[in-house]
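Counting begins at 1 with the first residue of the sequence.
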Amino acid sequence: MSAPDPAADPVDLAPLDADTLGPDLLAVLARLNRWATSHARLDVSAAQARLLAQIERTGPVRTSDLARLDRSSQPTITAQLQRAEQEGWALRTADPQDGRASLVELTDAGRAVLREVRRARAAALTPRLDELSQAERDTLTRAIAVIDRLIASP
């Protein structure tokens, strides 16, 4: 029996302690997100991109709920929303459940900006992915499926 070829899959797959797997996974994914954002050529701030993505995920949403989801203050989110509205990326409409409140939703322009942000972040990562071996890309593909299953909503 021959020894495994380290060049075929140079990733160290030593088993992680169950107590460190979660924190290590969260840390590396956060670093990957920050890296992609910092290397992407974006026409919007990271905070604006995050806000647009949150609005997309939640659908029409109240400002207070956006602040809670983003773990930001309501004044901070309100200022970001005002900028998004000025750019034509978001629109406030009356909440049909409560006429005193409003709901925020993305406009077509906001969805287009979000698509461009995602394209730019992926474009920043593509050259690094191209450096990986086929075995490493296969490993990432399997990992994506596992992470997706891990966070699937029931």
Side-chain angles (χ1 to χ4, degrees), residues 11 13 16 18-154:
V11 176
L13 295 178
L16 293 174
D19 293 335
T20 63
L21 183 58
D24 288 350
L25 176 62
L26 291 171
V28 76
L29 290 175
R31 282 193 348 255
L32 176 63
N33 272 308
R34 284 191 304 273
W35 185 93
T37 299
S38 69
H39 286 78
R41 294 188 179 152
L42 301 177
D43 294 331
V44 301
S45 71
Q48 283 293 130
R50 189 175 63 244
L51 176 70
L52 296 176
Q54 186 64 55
I55 296 169
E56 180 190 56
R57 269 191 304 278
T58 58
V61 62
R62 288 183 177 194
T63 304
S64 59
D65 292 330
L66 277 174
R68 181 182 47 78
L69 291 167
D70 193 55
R71 297 193 188 334
S72 297
S73 69
Q74 193 155 340
T76 297
I77 290 296
T78 298
Q80 288 183 352
L81 281 174
Q82 288 171 342
R83 284 192 295 275
E85 286 178 300
Q86 288 170 353
E87 294 290 340
W89 302 335
L91 176 68
R92 290 186 216 215
T93 57
D95 184 340
Q97 306 292 323
D98 182 353
R100 299 167 297 169
S102 62
L103 298 175
V104 180
E105 58 188 298
L106 286 185
T107 63
D108 289 342
R111 280 186 280 282
V113 166
L114 194 51
R115 277 192 304 274
E116 180 55 27
V117 165
R118 289 175 175 152
R119 187 212 58 76
R121 286 170 34 96
L125 188 55
T126 296
R128 302 301 287 270
L129 292 172
D130 289 344
E131 295 171 3
L132 299 178
S133 69
Q134 185 60 50
E136 289 169 318
R137 287 192 296 273
D138 292 345
T139 298
L140 280 178
T141 299
R142 288 190 305 277
I144 290 166
V146 170
I147 292 167
D148 193 44
R149 192 174 76 234
L150 182 69
I151 62 174
S153 300

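- With sequence neighbours left out, the salt bridge (charged side-chain N to carboxylate O under 4.0 Å, His left out) criterion links E105 to no other residue.
- For residues 35-84, the ring-ring contact (aromatic ring centres under 6.0 Å, His included) pairs, not counting sequence neighbours, are W35-H39.
- A donor-acceptor pair is defined here as one N or O able to donate and one able to accept, closer than 3.5 Å; no such pair exists between the side chain of D148 and the backbone of I144.
- Counting only residues at least two apart or on different chains, the salt bridge (charged side-chain N to carboxylate O under 4.0 Å, His left out) pairs with a member in residues 74-94 are E85-R92.
- Scored by the side-chain contact (heavy atoms from CB on, under 4.5 Å) test, R149 finds no partners at all (sequence neighbours excluded).
- In this structure, S102 has no side chain to side chain donor-acceptor pair (under 3.5 Å) partners at least two apart in sequence or on a different chain.
- In terms of modelled atom types and a separation under 3.5 Å, the side chain of T63 and the main chain of T78 share no donor-acceptor contact.
- Annotation: side-chain contact (heavy atoms from CB on, under 4.5 Å) contacts of L132 (sequence neighbours excluded): L129, E136, R137, L140.
- Partners of R119 according to the salt bridge (charged side-chain N to carboxylate O under 4.0 Å, His left out) rule, which considers only residues two or more places apart in sequence or in another chain, are E116.
- One distance of note links CG of L69 with CG of L51; it measures 11.0 Å at 0.5 Å rounding.
- Applying the side-chain hydrogen bond (donor to acceptor under 3.5 Å, both in side chains) test to residues at least two apart or on different chains, the pairs with a partner in residues 47-61 are R50-D70, Q54-R57, E56-R118.
- Applying the salt bridge (charged side-chain N to carboxylate O under 4.0 Å, His left out) rule to pairs touching residues 34-49 yields nothing, sequence neighbours excluded.
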Go through the steps for V117 and L52 under the test side-chain contact (heavy atoms from CB on, under 4.5 Å), then give the verdict.
CA-CA 10 Å; V117 165; L52 296 176; over 6 Å; no
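- Partners of T126 by side-chain contact (heavy atoms from CB on, under 4.5 Å), not counting sequence neighbours, listed by chain and number: D130.
- For the pair L114/R111, no side-chain contact is recorded, criterion being any heavy-atom separation below 4.5 Å from C-beta on.
- Under the rule for a side-chain contact (heavy atoms from CB on, under 4.5 Å), the partners of A101 that lie at least two apart in sequence or sit in another chain are R62, D95, D98.
- Atom-to-atom distance recorded for R121:CZ and L42:CG is 8.0 Å, nearest 0.5 angstrom.
- Between the CZ atom in R142 and the CD1 atom in I147 there is a gap of 12.5 Å [rounded to 0.5 Å].
- Remark: R68 engages no residue in a side chain to side chain donor-acceptor pair (under 3.5 Å) (not counting sequence neighbours).
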